[in-house]
Amino acid sequence: MATPHIRAEKGDIAEKILLPGDPLRAKFISENFLQNSVQFNDIRNMLGFTGIYKGEKVSVMGTGMGVSSIGIYSYELIKFFDVKKLIRVGTCGSYKKDVGLHDIILAQGASTNSNFQSQYELNGTYSAISSFNLLERAANILREKNYKFHVGGVLTSDIFYEPDENSYKKWASLGVLAVEMETYALYCNASRLGAEALSILSVSDQLVTKEAVKTDDREKAFTKMMEVALEI
Ligand code: HPA
């Protein structure tokens, strides 16, 4: 069985999947954290793998960047491959001075400037929230490991290159911690299709101080979140 974007048989993909944006990061996780890993997807090079972590079957697959891309992959994973727990492991840009580079954010909920929710034809706006079950487990693991983390809302934006570099301040004034580009769609699809989802984000850009993690250091920073995501 294959969908337009995922070439796999039912059962090839575990109930739990880690979702980095970059398919090469999926390969990295597969090679460094999983045993007996088998690749299940190659369509568009959106690499997906299933292996074993501490005796448990777990998958990992790239999502690409943005609401449309993760919207497609998360929909197909839940609807056609019966995936039940989806954990995004990604990066974000911090909107708060006290949320520094390499800090971890658990995205409790997501706001958006995307039009994704228009498909539901609601007579209001939808607040996309994480699975409390996954959120609570992630927070407990982070506490045990003594990793610095924050829990709160993020903005899922369609725009990476904002024309007004101060526009983030309005979101920050409402307590939004950081910006990324996928979580809102992931949470919508999980809620709509009866799965659980959580985004674990590592701060790679600081919009207040204008610092950024160097490209070569990014891999190291991700290792922390992978550990947490795998342990959930
Ligand atoms: N903006 C949007 N998405 C991001 C950023 C950013 O600054 N950093 C990492 N993901």
Side-chain angles (χ1 to χ4, degrees), residues 18-26 28-29 46 60-74 86-117 128-130 138 142 147-189 197-229:
L18 268 57
L19 299 171
D22 179 355
L24 290 179
R25 214 175 298 140
F28 177 88
I29 298 169
M46 198 54 82
V60 55
M61 181 175 145
T63 64
M65 288 183 287
V67 157
S68 319
S69 192
I70 197 167
I72 291 169
Y73 291 112
S74 58
L86 299 91
I87 302 165
R88 165 166 153 68
V89 281
T91 56
C92 64
S94 170
Y95 280 179
K96 298 274 185 184
K97 216 172 171 182
D98 64 346
V99 180
L101 294 182
H102 299 298
D103 281 10
I104 288 176
I105 295 177
L106 302 179
Q108 188 175 16
S111 303
T112 194
N113 56 24
S114 131
N115 206 27
F116 194 75
Q117 63 163 299
I129 59 167
S130 58
L142 282 157
Y147 290 162
K148 186 166 182 200
F149 71 104
H150 310 264
V151 180
V154 300
L155 171 67
T156 297
S157 179
D158 278 343
I159 299 147
F160 187 85
Y161 296 107
E162 279 282 354
D164 174 6
E165 62 173 29
N166 284 314
S167 62
Y168 80 87
K169 290 181 183 167
K170 289 184 184 169
W171 291 104
S173 78
L174 282 156
V176 172
L177 299 178
V179 59
E180 51 83 81
M181 305 185 79
E182 293 82 17
T183 296
Y184 189 89
L186 173 65
Y187 288 2
C188 282
N189 278 342
L198 176 69
S199 282
I200 305 178
L201 305 167
S202 170
V203 176
S204 61
D205 300 278
Q206 228 300 350
L207 279 84
V208 184
T209 61
K210 309 207 184 330
E211 303 161 283
V213 174
K214 286 195 218 82
T215 311
D216 290 349
D217 287 342
R218 290 190 178 221
E219 206 93 294
K220 269 182 261 157
F222 299 136
T223 308
K224 277 203 238 168
M225 346 179 241
M226 311 300 181
E227 274 177 52
V228 177

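Numbering starts at 1 and runs along the sequence shown. When a ligand or atom number is given, it counts from 1 through the structure's own listing order.
Near Asp205, with a cut-off below 4.0 Å to any heavy atom, the atoms of ligand 1 are 5 (C), 8 (N), 9 (C). Short contacts between ligand 1 and Thr91, defined as distances under 4.0 Å to a heavy atom of the residue, involve ligand atoms 9 (C), 10 (N). Annotation for ligand 1: atoms under 4.0 Å from non-hydrogen atoms of Ser204 are 8 (N), 9 (C).
The main-chain N or O of Asp164 is found under 3.5 Å from a side-chain atom of Ser167 such that the two form a donor-acceptor pair. Between the Glu182 side chain and the Arg88 main chain, no donor and acceptor come within less than 3.5 Å of each other.
Between the side chains of Thr156 and Glu180, at least one donor-acceptor pair of N or O atoms lies under 3.5 Å.
At least one heavy atom of Cys92 sits closer than 4.0 Å to an atom of ligand 1.
Here's the thing with Glu180: none of its N/O atoms is less than 3.5 angstrom from an N/O atom of ligand 1.
Separating the OH atom in Tyr168 from the OG atom in Ser94 is a distance of 8.5 Å, to the nearest 0.5 Å. Here the OG1 atom belonging to Thr91 is positioned 6.0 Å from the CZ atom belonging to Arg25, to the nearest 0.5 angstrom.
Checking Val203, Val179, Val213, Leu155 against atom 1 (N) of ligand 1, the nearest heavy atom belongs to Val179.
Distance from atom 6 (C) of ligand 1 to its nearest protein heavy atom, with residue and atom name: Phe160 CE1, 3.6 Å.
Other residues, nucleotides and ligands contribute at most 12 non-hydrogen atoms within 6.0 Å of the CE atom of Met65.
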